[in-house]
There are 2 protein chains.
Amino acid sequence: MTKQRTGTIPVDPTSAEPCCAPLSARRISHEAADRLAPAFRALGDPVRLRLMSMIASAPGGEICVCDLTPAFDLSGPTISYHLRTLREAGLVDAERRGTWVYYRPRPAMLRQLARLLAVDGTTGG
Amino acid sequence: MTKQRTGTIPVDPTSAEPCCAPLSARRISHEAADRLAPAFRALGDPVRLRLMSMIASAPGGEICVCDLTPAFDLSGPTISYHLRTLREAGLVDAERRGTWVYYRPRPAMLRQLARLLAVDGTTGG
DNA sequence: CCTCTGATTCGAGAAACGTCAAGACAGCCT
DNA sequence: AGGCTGTCTTGACGTTTCTCGAATCAGAGG
(Lines give C-alpha, C1' and ligand atoms only; values in the text may rest on other atoms or scores of the structure.)
Protein backbone atom coordinates (compact mmCIF):
# COMPACT_ATOMS: atom_id res chain seq x y z
CA MET A 1 0.00 0.00 0.00
CA THR A 2 1.59 3.17 -1.19
CA LYS A 3 1.27 5.91 1.35
CA GLN A 4 0.36 9.38 0.29
CA ARG A 5 3.27 11.39 -0.95
CA THR A 6 4.28 14.99 -0.97
CA GLY A 7 1.45 17.00 -2.41
CA THR A 8 -1.40 14.60 -1.86
CA ILE A 9 -3.88 15.95 0.63
CA PRO A 10 -6.58 14.19 2.68
CA VAL A 11 -9.20 16.91 2.54
CA ASP A 12 -8.75 18.89 -0.63
CA PRO A 13 -8.63 22.66 -0.11
CA THR A 14 -7.23 22.85 -3.63
CA SER A 15 -10.72 23.72 -4.74
CA ALA A 16 -10.22 27.25 -3.45
CA GLU A 17 -13.24 28.80 -5.04
CA PRO A 18 -13.33 32.59 -4.75
CA CYS A 19 -15.50 32.17 -1.69
CA CYS A 20 -16.92 34.33 0.95
CA ALA A 21 -17.59 37.98 1.46
CA PRO A 22 -15.81 39.78 4.30
CA LEU A 23 -16.71 38.67 7.80
CA SER A 24 -18.09 42.10 8.49
CA ALA A 25 -20.32 42.11 5.41
CA ARG A 26 -22.47 39.15 6.40
CA ARG A 27 -22.43 36.12 8.65
CA ILE A 28 -20.19 33.42 7.34
CA SER A 29 -21.93 30.14 6.63
CA HIS A 30 -21.50 27.13 8.83
CA GLU A 31 -19.76 25.22 6.01
CA ALA A 32 -17.46 28.05 5.03
CA ALA A 33 -16.40 28.34 8.66
CA ASP A 34 -15.61 24.63 8.75
CA ARG A 35 -13.59 24.91 5.57
CA LEU A 36 -11.64 28.09 6.33
CA ALA A 37 -11.01 27.76 10.06
CA PRO A 38 -8.27 25.14 9.51
CA ALA A 39 -6.34 27.64 7.39
CA PHE A 40 -6.44 30.23 10.17
CA ARG A 41 -5.52 27.58 12.68
CA ALA A 42 -2.54 26.65 10.55
CA LEU A 43 -1.35 30.25 10.73
CA GLY A 44 -2.02 30.30 14.46
CA ASP A 45 1.39 29.02 15.45
CA PRO A 46 4.43 31.31 15.50
CA VAL A 47 6.62 28.71 13.83
CA ARG A 48 4.15 28.14 11.01
CA LEU A 49 3.53 31.86 10.60
CA ARG A 50 7.26 32.36 10.12
CA LEU A 51 7.46 29.39 7.78
CA MET A 52 4.55 30.77 5.76
CA SER A 53 6.26 34.13 5.54
CA MET A 54 9.58 32.62 4.48
CA ILE A 55 7.79 30.64 1.77
CA ALA A 56 5.57 33.50 0.62
CA SER A 57 8.47 35.94 0.43
CA ALA A 58 10.92 33.56 -1.23
CA PRO A 59 12.72 35.33 -4.09
CA GLY A 60 12.12 32.77 -6.85
CA GLY A 61 8.59 32.02 -5.65
CA GLU A 62 9.77 28.92 -3.86
CA ILE A 63 12.19 27.85 -1.16
CA CYS A 64 14.03 24.67 -0.23
CA VAL A 65 13.29 22.88 3.04
CA CYS A 66 17.03 22.91 3.54
CA ASP A 67 16.81 26.69 3.80
CA LEU A 68 13.85 26.60 6.17
CA THR A 69 15.03 24.10 8.78
CA PRO A 70 18.19 25.88 9.94
CA ALA A 71 16.20 29.04 10.72
CA PHE A 72 14.62 27.32 13.72
CA ASP A 73 15.75 25.69 16.94
CA LEU A 74 13.63 22.68 16.11
CA SER A 75 14.25 19.17 14.87
CA GLY A 76 13.81 18.21 11.22
CA PRO A 77 10.71 16.12 11.87
CA THR A 78 9.07 19.00 13.71
CA ILE A 79 9.60 21.38 10.80
CA SER A 80 8.28 18.68 8.49
CA TYR A 81 5.18 18.36 10.67
CA HIS A 82 4.52 22.10 10.50
CA LEU A 83 5.02 22.14 6.74
CA ARG A 84 2.56 19.32 6.36
CA THR A 85 0.05 21.28 8.43
CA LEU A 86 0.44 24.25 6.07
CA ARG A 87 0.08 21.92 3.09
CA GLU A 88 -3.08 20.29 4.40
CA ALA A 89 -4.54 23.71 5.11
CA GLY A 90 -4.11 24.56 1.42
CA LEU A 91 -1.67 27.36 2.14
CA VAL A 92 1.40 25.94 0.42
CA ASP A 93 2.42 23.42 -2.20
CA ALA A 94 5.40 21.11 -2.19
CA GLU A 95 7.46 19.62 -5.00
CA ARG A 96 10.46 17.33 -4.90
CA ARG A 97 13.22 17.99 -7.42
CA GLY A 98 16.06 15.57 -7.04
CA THR A 99 17.40 15.55 -3.53
CA TRP A 100 15.58 18.63 -2.33
CA VAL A 101 11.95 19.54 -1.68
CA TYR A 102 10.69 23.01 -2.55
CA TYR A 103 7.71 24.82 -1.07
CA ARG A 104 5.55 27.42 -2.84
CA PRO A 105 2.73 29.62 -1.53
CA ARG A 106 -0.86 29.22 -2.74
CA PRO A 107 -1.93 32.81 -3.39
CA ALA A 108 -5.55 31.81 -3.94
CA MET A 109 -5.96 30.65 -0.37
CA LEU A 110 -4.11 33.64 1.06
CA ARG A 111 -6.33 35.96 -0.96
CA GLN A 112 -9.41 34.18 0.30
CA LEU A 113 -8.38 34.68 3.91
CA ALA A 114 -7.37 38.30 3.36
CA ARG A 115 -10.72 39.01 1.73
CA LEU A 116 -12.52 37.44 4.66
CA LEU A 117 -10.74 39.77 7.07
CA ALA A 118 -11.14 42.86 4.93
CA VAL A 119 -12.61 45.75 6.89
CA ASP A 120 -14.76 48.50 5.50
CA GLY A 121 -12.36 51.39 5.03
CA THR A 122 -9.19 49.34 4.82
CA THR A 123 -7.73 51.82 2.37
CA GLY A 124 -8.29 54.57 4.90
CA GLY A 125 -6.35 52.78 7.61
CA MET B 1 -7.94 39.66 45.22
CA THR B 2 -10.13 40.97 42.47
CA LYS B 3 -10.04 38.83 39.41
CA GLN B 4 -9.84 40.39 35.99
CA ARG B 5 -13.18 41.43 34.60
CA THR B 6 -14.75 41.78 31.22
CA GLY B 7 -12.45 43.81 29.05
CA THR B 8 -9.24 43.39 30.99
CA ILE B 9 -6.70 41.38 29.10
CA PRO B 10 -3.59 39.50 30.29
CA VAL B 11 -1.34 40.25 27.37
CA ASP B 12 -2.43 43.50 25.86
CA PRO B 13 -3.02 43.38 22.12
CA THR B 14 -4.80 46.66 22.51
CA SER B 15 -1.60 48.31 21.40
CA ALA B 16 -2.36 47.32 17.84
CA GLU B 17 0.31 49.38 16.17
CA PRO B 18 0.01 49.45 12.38
CA CYS B 19 2.52 46.66 12.26
CA CYS B 20 3.92 44.42 9.67
CA ALA B 21 4.19 44.37 5.93
CA PRO B 22 2.50 41.53 4.04
CA LEU B 23 3.88 38.06 4.66
CA SER B 24 4.91 37.88 1.04
CA ALA B 25 6.79 41.17 1.13
CA ARG B 26 9.38 40.17 3.69
CA ARG B 27 9.95 37.63 6.42
CA ILE B 28 7.92 38.39 9.49
CA SER B 29 9.99 38.96 12.61
CA HIS B 30 10.16 36.45 15.38
CA GLU B 31 8.40 38.85 17.77
CA ALA B 32 5.67 39.83 15.34
CA ALA B 33 4.97 36.16 14.77
CA ASP B 34 4.66 35.60 18.51
CA ARG B 35 2.31 38.54 18.81
CA LEU B 36 0.06 37.89 15.82
CA ALA B 37 -0.14 34.10 15.79
CA PRO B 38 -2.58 34.06 18.75
CA ALA B 39 -5.03 36.17 16.73
CA PHE B 40 -4.95 33.69 13.85
CA ARG B 41 -5.25 30.84 16.30
CA ALA B 42 -8.33 32.51 17.76
CA LEU B 43 -9.92 32.53 14.30
CA GLY B 44 -8.84 28.95 13.75
CA ASP B 45 -11.94 27.41 15.24
CA PRO B 46 -15.23 27.20 13.30
CA VAL B 47 -17.27 28.33 16.29
CA ARG B 48 -15.07 31.36 16.90
CA LEU B 49 -14.95 32.22 13.21
CA ARG B 50 -18.74 32.27 13.16
CA LEU B 51 -18.86 34.27 16.38
CA MET B 52 -16.37 36.75 14.96
CA SER B 53 -18.47 37.09 11.83
CA MET B 54 -21.68 37.58 13.79
CA ILE B 55 -20.01 40.28 15.86
CA ALA B 56 -18.28 41.98 12.93
CA SER B 57 -21.45 42.05 10.85
CA ALA B 58 -23.77 43.16 13.64
CA PRO B 59 -26.09 45.93 12.42
CA GLY B 60 -25.50 48.45 15.19
CA GLY B 61 -21.80 47.67 15.44
CA GLU B 62 -22.40 45.44 18.43
CA ILE B 63 -24.36 42.37 19.44
CA CYS B 64 -25.66 40.92 22.68
CA VAL B 65 -24.35 37.60 23.99
CA CYS B 66 -27.98 36.64 24.32
CA ASP B 67 -28.21 36.77 20.53
CA LEU B 68 -25.02 34.78 20.02
CA THR B 69 -25.58 31.82 22.30
CA PRO B 70 -28.80 30.46 20.76
CA ALA B 71 -27.13 30.25 17.34
CA PHE B 72 -25.03 27.31 18.48
CA ASP B 73 -25.59 23.82 19.84
CA LEU B 74 -23.24 24.59 22.69
CA SER B 75 -23.60 25.41 26.36
CA GLY B 76 -23.44 28.96 27.65
CA PRO B 77 -20.09 28.49 29.35
CA THR B 78 -18.60 27.17 26.12
CA ILE B 79 -19.72 30.22 24.15
CA SER B 80 -18.36 32.38 26.94
CA TYR B 81 -15.04 30.58 26.70
CA HIS B 82 -14.81 31.21 22.96
CA LEU B 83 -15.74 34.87 23.41
CA ARG B 84 -13.00 35.26 25.97
CA THR B 85 -10.54 33.71 23.55
CA LEU B 86 -11.52 36.29 20.92
CA ARG B 87 -11.21 39.05 23.54
CA GLU B 88 -7.77 37.96 24.67
CA ALA B 89 -6.65 37.81 21.06
CA GLY B 90 -7.57 41.46 20.67
CA LEU B 91 -10.23 40.75 18.07
CA VAL B 92 -13.29 41.92 19.99
CA ASP B 93 -14.30 44.14 22.87
CA ALA B 94 -16.97 43.54 25.48
CA GLU B 95 -19.10 45.92 27.49
CA ARG B 96 -21.75 45.21 30.08
CA ARG B 97 -24.84 47.43 30.04
CA GLY B 98 -27.28 46.48 32.74
CA THR B 99 -28.22 42.86 32.49
CA TRP B 100 -26.67 42.20 29.11
CA VAL B 101 -23.17 42.08 27.69
CA TYR B 102 -22.45 43.43 24.22
CA TYR B 103 -19.56 42.52 21.94
CA ARG B 104 -17.93 44.78 19.34
CA PRO B 105 -15.26 44.04 16.73
CA ARG B 106 -11.80 45.63 16.89
CA PRO B 107 -11.22 46.75 13.29
CA ALA B 108 -7.57 47.64 13.97
CA MET B 109 -6.63 44.05 14.67
CA LEU B 110 -8.66 42.72 11.75
CA ARG B 111 -6.95 45.21 9.45
CA GLN B 112 -3.58 44.17 10.74
CA LEU B 113 -4.26 40.52 9.94
CA ALA B 114 -5.74 41.31 6.54
CA ARG B 115 -2.71 43.39 5.67
CA LEU B 116 -0.42 40.56 6.69
CA LEU B 117 -2.21 38.20 4.31
CA ALA B 118 -2.38 40.67 1.45
CA VAL B 119 -1.05 39.20 -1.78
CA ASP B 120 0.66 41.15 -4.51
CA GLY B 121 -2.02 41.72 -7.12
CA THR B 122 -4.99 41.31 -4.83
CA THR B 123 -6.83 43.98 -6.75
CA GLY B 124 -6.11 42.13 -9.94
CA GLY B 125 -8.26 39.20 -8.84
C1' DC C 1 -33.10 41.33 51.88
C1' DC C 2 -34.26 37.63 48.68
C1' DT C 3 -34.98 35.82 44.18
C1' DC C 4 -34.60 35.57 39.32
C1' DT C 5 -32.07 35.96 34.93
C1' DG C 6 -27.88 36.52 32.15
C1' DA C 7 -22.94 35.87 31.81
C1' DT C 8 -18.57 34.36 33.50
C1' DT C 9 -15.32 31.45 36.10
C1' DC C 10 -13.94 27.00 38.10
C1' DG C 11 -12.90 22.01 37.92
C1' DA C 12 -12.56 17.95 35.35
C1' DG C 13 -12.21 14.80 31.42
C1' DA C 14 -11.55 13.54 26.42
C1' DA C 15 -9.37 14.88 22.31
C1' DA C 16 -6.00 17.33 19.63
C1' DC C 17 -1.48 19.55 19.32
C1' DG C 18 3.75 20.16 19.33
C1' DT C 19 7.90 18.00 20.02
C1' DC C 20 11.47 14.56 19.61
C1' DA C 21 14.06 10.03 18.63
C1' DA C 22 14.04 6.25 15.66
C1' DG C 23 13.01 4.37 11.46
C1' DA C 24 11.72 4.55 6.44
C1' DC C 25 11.88 6.47 1.88
C1' DA C 26 13.95 9.09 -2.29
C1' DG C 27 17.59 10.36 -4.91
C1' DC C 28 22.61 11.25 -5.61
C1' DC C 29 27.44 9.39 -6.05
C1' DT C 30 31.18 6.15 -5.99
C1' DA D 1 25.17 -2.61 -4.98
C1' DG D 2 26.25 0.12 -1.16
C1' DG D 3 26.68 4.23 1.31
C1' DC D 4 25.43 9.12 2.01
C1' DT D 5 22.34 13.08 2.43
C1' DG D 6 17.91 15.17 2.76
C1' DT D 7 13.05 14.70 3.88
C1' DC D 8 9.06 12.46 5.67
C1' DT D 9 6.46 9.11 8.70
C1' DT D 10 5.75 6.63 12.95
C1' DG D 11 5.33 6.07 17.91
C1' DA D 12 5.44 8.05 22.22
C1' DC D 13 4.93 11.66 25.75
C1' DG D 14 3.66 16.00 27.95
C1' DT D 15 0.90 20.14 27.13
C1' DT D 16 -2.90 22.64 25.45
C1' DT D 17 -7.62 22.95 23.78
C1' DC D 18 -12.63 22.23 23.86
C1' DT D 19 -16.54 20.95 26.25
C1' DC D 20 -19.65 20.47 30.04
C1' DG D 21 -21.92 20.85 34.86
C1' DA D 22 -21.60 23.32 39.08
C1' DA D 23 -20.63 27.33 41.33
C1' DT D 24 -20.06 32.34 41.25
C1' DC D 25 -20.72 37.14 39.96
C1' DA D 26 -23.64 41.31 38.25
C1' DG D 27 -27.98 43.69 37.89
C1' DA D 28 -33.02 44.14 37.96
C1' DG D 29 -37.06 43.82 40.58
C1' DG D 30 -40.14 42.29 44.00
Side-chain angles (χ1 to χ4, degrees), chain A residues 1-11 33-34 37-51 55 62-89 92-104, chain B residues 1-11 33-34 37-51 55 62-89 92-104:
Chain A
M1 161 189 189
T2 35
K3 298 290 177 55
Q4 66 192 30
R5 294 204 167 60
T6 299
T8 306
I9 292 167
V11 155
D34 284 344
F40 283 118
R41 178 181 302 245
L43 295 175
D45 180 282
V47 172
R48 288 195 293 266
L49 197 52
R50 290 171 61 198
L51 282 170
I55 295 168
E62 62 180 17
I63 188 170
C64 176
V65 172
C66 60
D67 289 328
L68 294 171
T69 304
F72 298 84
D73 265 348
L74 293 170
S75 69
T78 296
I79 296 299
S80 198
Y81 158 75
H82 285 302
L83 288 172
R84 181 171 49 149
T85 301
L86 289 173
R87 243 187 296 135
E88 293 180 352
V92 303
D93 240 346
E95 181 191 355
R96 163 159 240 144
R97 284 206 303 279
T99 303
W100 289 279
V101 175
Y102 296 87
Y103 277 76
R104 272 191 299 270
Chain B
M1 153 195 187
T2 36
K3 298 290 179 51
Q4 64 194 28
R5 295 202 166 62
T6 300
T8 306
I9 292 167
V11 155
D34 283 345
F40 283 118
R41 180 183 306 243
L43 295 175
D45 180 282
V47 172
R48 287 194 295 267
L49 198 52
R50 289 170 62 198
L51 282 170
I55 294 168
E62 62 180 18
I63 187 170
C64 177
V65 172
C66 60
D67 289 328
L68 294 171
T69 304
F72 298 84
D73 264 349
L74 293 170
S75 70
T78 296
I79 297 300
S80 199
Y81 158 74
H82 285 302
L83 287 173
R84 180 170 52 146
T85 301
L86 289 173
R87 244 188 296 137
E88 293 180 351
V92 304
D93 240 346
E95 181 192 355
R96 162 159 241 142
R97 285 207 302 279
T99 304
W100 290 279
V101 176
Y102 296 86
Y103 277 76
R104 272 191 299 268

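All values below come from the heavy atoms of this structure, side chains included, with hydrogens, waters and symmetry mates left out. Letters A, B, ... mirror the listed sequences (proteins, then strands); counts begin at 1.
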Quiz item: By side chain to side chain contact (heavy atoms under 4.5 Å, CB included), which residues pair with B/Tyr102, not counting sequence neighbours?
Solution: B/Glu62, B/Cys64, B/Arg97, B/Trp100
Quiz item: When the distance from CZ of B/Arg84 to C1' of D/dT17 is rounded to whole Å, what number comes out?
Solution: 12 Å
Quiz item: Rounded to the nearest 0.5 Å, how far apart are CZ of B/Phe40 and CG of A/Leu49?
Solution: 6.0 Å
Exercise. Starting at atom CD1 of B/Ile63, determine the distance to atom C1' of C/dA7, rounded to an integer number of angstrom.
Key: 15 Å
Self-check item: Given B/Arg50, B/Arg87, B/Arg48, the one that forms side chain to side chain donor-acceptor pair (under 3.5 Å) with B/His82
Solution: B/Arg48
Practice problem: Please state how far atom CG in A/Leu83 lies from atom P in D/dT9, giving the value in whole angstrom units. | Solution: 11 Å
Quiz item: Nearest of C/dG6, D/dT7, C/dC28 to any side-chain atom of A/Thr99?
Solution: C/dC28
Quiz item: Does B/Arg96 put a side-chain nitrogen or oxygen below 4.0 Å from OP1 or OP2 of D/dG27?
Solution: no
Self-check item: Value in whole Å for how far the C1' atom of C/dC28 lies from CH2 of A/Trp100
Solution: 9 Å
Quiz item: Hey, is the main chain of A/Gly98 close enough, under 3.5 Å, to the side chain of A/Arg96 for a donor-acceptor pair?
Solution: yes
Self-check item: Nucleotide D/dC20, atom C1' - distance to CZ of B/Phe72 in whole Å
Solution: 17 Å
Quiz item: Is there a side-chain polar atom (N or O) of A/Tyr103 under 4.0 Å from OP1 or OP2 of D/dT7?
Solution: no
Quiz prompt | Distance, rounded to the nearest Å, where B/Leu68 contributes CG and C/dG6 contributes C1' | solution = 13 Å
Quiz item: OP1 or OP2 of D/dC8 less than 4.0 angstrom from a side-chain nitrogen or oxygen of A/Ser80, does that happen here?
Solution: yes
Practice problem: Starting at the 5' end of nucleotides 17-24 of chain C, put B wherever the base has a protein heavy atom under 4.0 Å, S where only the sugar-phosphate does, and a dash everywhere else. | Solution: SBBBBB--
Throw together a table of side-chain donor-acceptor distances under 3.5 angstrom for residues 69-80 of chain A, partners on residues two or more places apart or in other chains.
from	atom 1	to	atom 2	distance (Å)
A/Thr69	OG1	A/Val65	O	3.2
A/Ser75	OG	A/Thr78	N	3.3
A/Ser75	OG	A/Thr78	OG1	3.0

Practice problem: Nearest 0.5 Å please: distance from the CD1 atom of A/Ile55 over to the CG atom of A/Leu83. | Solution: 5.5 Å
